[in-house]
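First the structure, in the form of structure tokens, and then the observations on it.
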Amino acid sequence: MAEGVKVGKFGIFPSVSRPVFGVSALLIVLFMIYGVLFSEQAGAVFGAMQGFISDRFGFVFIILVNACLVFCAYVAFSRYGDIRLGAQTENPQYSFGSWIGMLFSAGIGIGLLYWGVAEPLTHFANAPRTKSLTLEAGVDAMRISFLHWGLHAWGLYAVVALSLAYFHYRRGLPLAIRSVLFPIIGKKVYGNWGHLVDILAVFGTVFGVVTSLGLGVMQLETGLVAFFDLTPSLMLKVALIAGITFCATLSVMAGLDKGVKTLSDITIIITLLLLGFMIVAGPTQFIFNSFVENIGNYASSLPSLGLWNEAYQDTNWQGGWTIFYWAWWVSWSPFVGVFIARISRGRTIREFLFGVLFVPMLLLFLWFTTFGGVALQMELSGGLTMGLIDAVKADSGSAIFKFMEFYPFTKGMTTLILLMIVLWFVTSADSASLVVDMLTAGGNTNAPKIQRLFWVTSQGAIAAILLAAGGLSALQAAAIVAGLPFALVIFLMMYCLVRGLSRDRLTLYRNSQWYITQESAEHNSANELVDEHLLRALPIPKNEKEA
């Protein structure tokens with residue numbers, strides 16, 4: 001039983017938080033029924049809500065992602081950077097390579113395959129800030145793509161993940177979203193307020209993963225139809241979902257170390273091999289030159305681009321792209337944050353922040369340059385007759401398959417891409433199931449297997465049912481609508497984390513060494529947290545005791 005969170009038997013499930021599990025499951029079932037029976041109405045209602053949020057509260061998301069980025073920079077370079085997520089002498093739980101691989105397994109990896117070619121070409125053909133289909137539009141397209149997948153997105157994830165990891169590993173609180181609010185509401189995190197926050201997190205996680213699974217299956221079907229002479233059908237889509245769900249079930253039942261970690265290692269290795277092939281087989285010199293230049297263009301315009309809000313333009317381009325991305329990342333942040341926190345024990349805060357912010361981002365940038373940047377060069381040098389833009393307009397998911405036609409070993413490489421799509425979705429589904437299981441079990445990091453089985457199979461079933469009924473667009477809009485209230489939670493997280501860090505054992509010890517008397521040390525330390533006497537550190541691992 002997770003400390004402070006009441007868990008117990010609920011039907012066939014032996015250890016769950018009944019309010020979180022029951023309400024979350026009920027909301028998901030009700031939405032699924034609504035999406036199936038009234039798919040058009042559901043799409044219209046949630047689409048209108050999404051549009052209202054983008055129009056009226058877009059600036060909130062822009063402020064949030066920029067505040068998270070500044071906050072990460074402050075914490076990384078502050079005195080708090082030396083604090084370790086666990087005992088101060090503890091070593092990281094996972095190697096650096098496995099850690100990075102699992103970062104990608106938290107749902108970001110699949111974006112490489114879906115948007116790597118499609119997004120830069122889309123911004124090139126429909127440029128929001130310059131004339132479309134020009135060299136300037138191509139340069140700006142890469143800059144905007146980097147904005148959407150760069151520091152702002154990872155800064156958001158880093159804040160959520162660091163808050164969770166700190167209060168779990170350093171203060172002994174459950175690994176659940178509720179725990180980060182302890183500095184301001186104390187033991188009330190175990191009551192209704194805590195339940196509400198965790199329910200929001202479960203809602204966003206399940207709906208986000210299910211939407212991505214449905215969209216990814218359609219991309220997978222596109223590739224199979226184009227290169228293996230299969231006939232598109234609902235039966236094929238359902239069979240693909242069933243196959244991915246089965247693989248995810250095997251992984252999640254094996255656990256984090258034997259299942260998710262192993263699969264993530266395999267997937268990241270295949271990804272790097274494909275990326276290496278594309279660099280060698282493609283215009284290698286252009287890729288490296290443009291990679292450096294793209295980073296320079298992105299970095300030089302980061303402040304103005306990050307705060308751009310279309311205030312002086314009579315358009316709503318950002319509502320469908322930048323604001324959509326920020327809201328989507330917010331809705332995914334509980335899932336990604338909990339998972340990153342789960343795999344980050346033993347790292348210092350500074351190491352954690354630099355790793356989360358820069359390593360995945362640089363790999364993403366290299367991928368977008370190798371695929372999207374080269375596709376732009378092909379369109380510009382080929383007189384806009386390569387057919388790539390037409391492929392994007394027809395189906396964004398098909399763009400990467402059209403792109404591969406210009407490379408050697410097309411069929412073999414396409415098969416590899418299809419395998420990667422499956423692997424990335426399996427790693428997303430199994431890691432999401434682990435996260436939802438933890439949230440509904442009161443933060444228990446090793447909940448019973450039957451609960452993991454329930455959530456991983458539920459995701460596949462929901463995806464199949466809504467895909468058949470045409471309710472995926474409504475589900476995607478609903479996940480984004482849920483992002484607005486959670487954005488307010490992230491603002492609170494930053495405040496709570498600073499409060500917690502200012503009262504950390506290492507911070508207080510250094511204060512006691514710096515000031516002459518205990519009274520002056522206490523006077524120059526932040527006030528106690530609410531119910532601070534209830535906090536305790538987690539036990540030191542056995543391997544550290546033996547050492």
Side-chain angles (χ1 to χ4, degrees), residues 1-8 10 15-25 27 71 83 85-86 157 159-205 330-331 333-342 344-345 434-447 451 482-505 526-539:
M1 176 176 175
E3 182 183 358
V5 181
K6 293 182 180 179
V7 295
F10 186 71
S15 179
V16 297
S17 169
R18 294 180 183 179
V20 177
F21 185 95
V23 174
S24 299
L27 286 175
F71 179 82
I83 296 173
L85 301 174
Y157 291 155
V159 167
V160 178
L162 179 59
S163 300
L164 289 161
Y166 176 78
F167 284 105
H168 178 58
Y169 295 125
R170 197 74 177 174
R171 296 302 189 107
L173 293 168
L175 187 55
I177 302 296
R178 66 176 74 214
S179 297
V180 302
L181 301 180
F182 191 94
I184 54 177
I185 64 175
K187 62 183 179 181
K188 291 181 182 178
V189 296
Y190 304 126
N192 291 332
W193 284 109
H195 299 332
L196 176 62
V197 171
D198 282 350
I199 289 168
L200 276 175
V202 172
F203 187 89
T205 297
V330 168
S331 70
S333 61
F335 156 41
V336 180
V338 171
F339 186 76
I340 293 177
R342 176 68 179 84
S344 299
R345 178 164 191 155
L434 287 173
V435 167
V436 172
D437 191 27
M438 281 188 278
L439 292 174
T440 55
N444 185 356
T445 57
N446 191 28
Q451 294 170 199
L484 181 60
F486 200 81
L488 304 179
V489 175
I490 297 176
F491 277 116
L492 290 175
M493 279 185 182
M494 289 184 275
Y495 170 76
C496 292
L497 182 57
V498 169
R499 287 286 308 277
L501 293 172
S502 67
R503 297 291 302 173
D504 187 81
R505 298 186 300 280
N527 295 331
E528 289 188 2
L529 311 181
V530 176
D531 299 328
E532 185 171 10
H533 63 282
L534 298 177
L535 295 173
R536 64 175 180 80
L538 287 182

* Asked: Any side-chain heavy atom of Leu439 sitting closer than 4.5 Å to one from Ile177?
  -> yes
Residues passing the side-chain contact (heavy atoms from CB on, under 4.5 Å) test with Ala25, sequence neighbours excluded, are none
Would you say Val180 and Leu497 make side-chain contact, with heavy atoms under 4.5 Å?
no
Sorted by chain and number, sequence neighbours left out, side-chain hydrogen bond (donor to acceptor under 3.5 Å, both in side chains) with Ser344 holds for Trp99
The ring-ring contact (aromatic ring centres under 6.0 Å, His included) partners of Phe21 (sequence neighbours excluded) come to Phe10, Phe13, Phe454, Trp455
With sequence neighbours left out, the residues meeting side-chain contact (heavy atoms from CB on, under 4.5 Å) with Val498 are Phe71
Taking every heavy atom of Pro334 against every heavy atom of Val435, the minimum-distance pair comes out as O-CG1, 4.3 Å
Taking every heavy atom of Ser333 against every heavy atom of Ile490, the minimum-distance pair comes out as OG-CD1, 3.7 Å
For Phe491, the ring-ring contact (aromatic ring centres under 6.0 Å, His included) test, sequence neighbours excluded, returns none
Scanning both residues in full, the closest heavy-atom pair of Ala341 with Leu164 reads CB-CB, 3.9 Å
* Okay, side chain of Ser179, backbone of Pro174: is any donor-acceptor separation there less than 3.5 Å? -> yes
Output for pair (Gln451 CD, Ser15 OG), nearest 0.5 Å, gives 6.0 Å
*Passes side chain to side chain contact (heavy atoms under 4.5 Å, CB included), Ile185 versus Trp193? Steps please.*
CA-CA 9 Å; Ile185 64 175; Trp193 284 109; 4.2 Å; yes
For Gly442 and Val5 the tightest heavy-atom approach is CA-CG1, 3.5 Å
Practice item. Using atom types as modelled and distance alone, determine if a side-chain donor or acceptor of Tyr190 lies under 3.5 Å from a backbone N or O of Arg178. Key: no
Value for OH (Tyr169) from CG (Leu85), rounded to nearest 0.5 Å, stands at 8.5 Å
Original post:
Is there a donor-acceptor pair closer than 3.5 Å between any side-chain N or O of Thr205 and the backbone N or O of Val202?
Top reply: no
Working note: Val7 + Asn444, criterion side chain to side chain contact (heavy atoms under 4.5 Å, CB included); need CA distance, chi angles, decisive distance, verdict. CA-CA 10 Å; Val7 295; Asn444 185 356; over 6 Å; no
Note to self: Would the distance check show the side chain of Asp198 and the main-chain N or O of Thr440 forming a donor-acceptor pair, the cut-off being under 3.5 Å?
What the structure shows: no
Sequence neighbours excluded, the answer for side-chain contact (heavy atoms from CB on, under 4.5 Å) partners of Ile83 is Tyr80, Tyr166, Arg170, Ile349, Leu501, Asp504, Leu506, Thr507
Rounded to the nearest 0.5 Å, the CD1 atom of Ile184 sits from the CZ atom of Arg499 at a distance of 9.0 Å
Scanning both residues in full, the closest heavy-atom pair of Gly500 with Phe167 reads CA-CZ, 4.2 Å
Is there a donor-acceptor pair closer than 3.5 Å between any side-chain N or O of Arg342 and the backbone N or O of Met438?
no
Separation between CG (Leu200) and CG (Leu196), nearest 0.5 Å, reads 5.0 Å
In short, Pro183 meets Cys496 closest at the heavy-atom pair CG-O, 3.5 Å
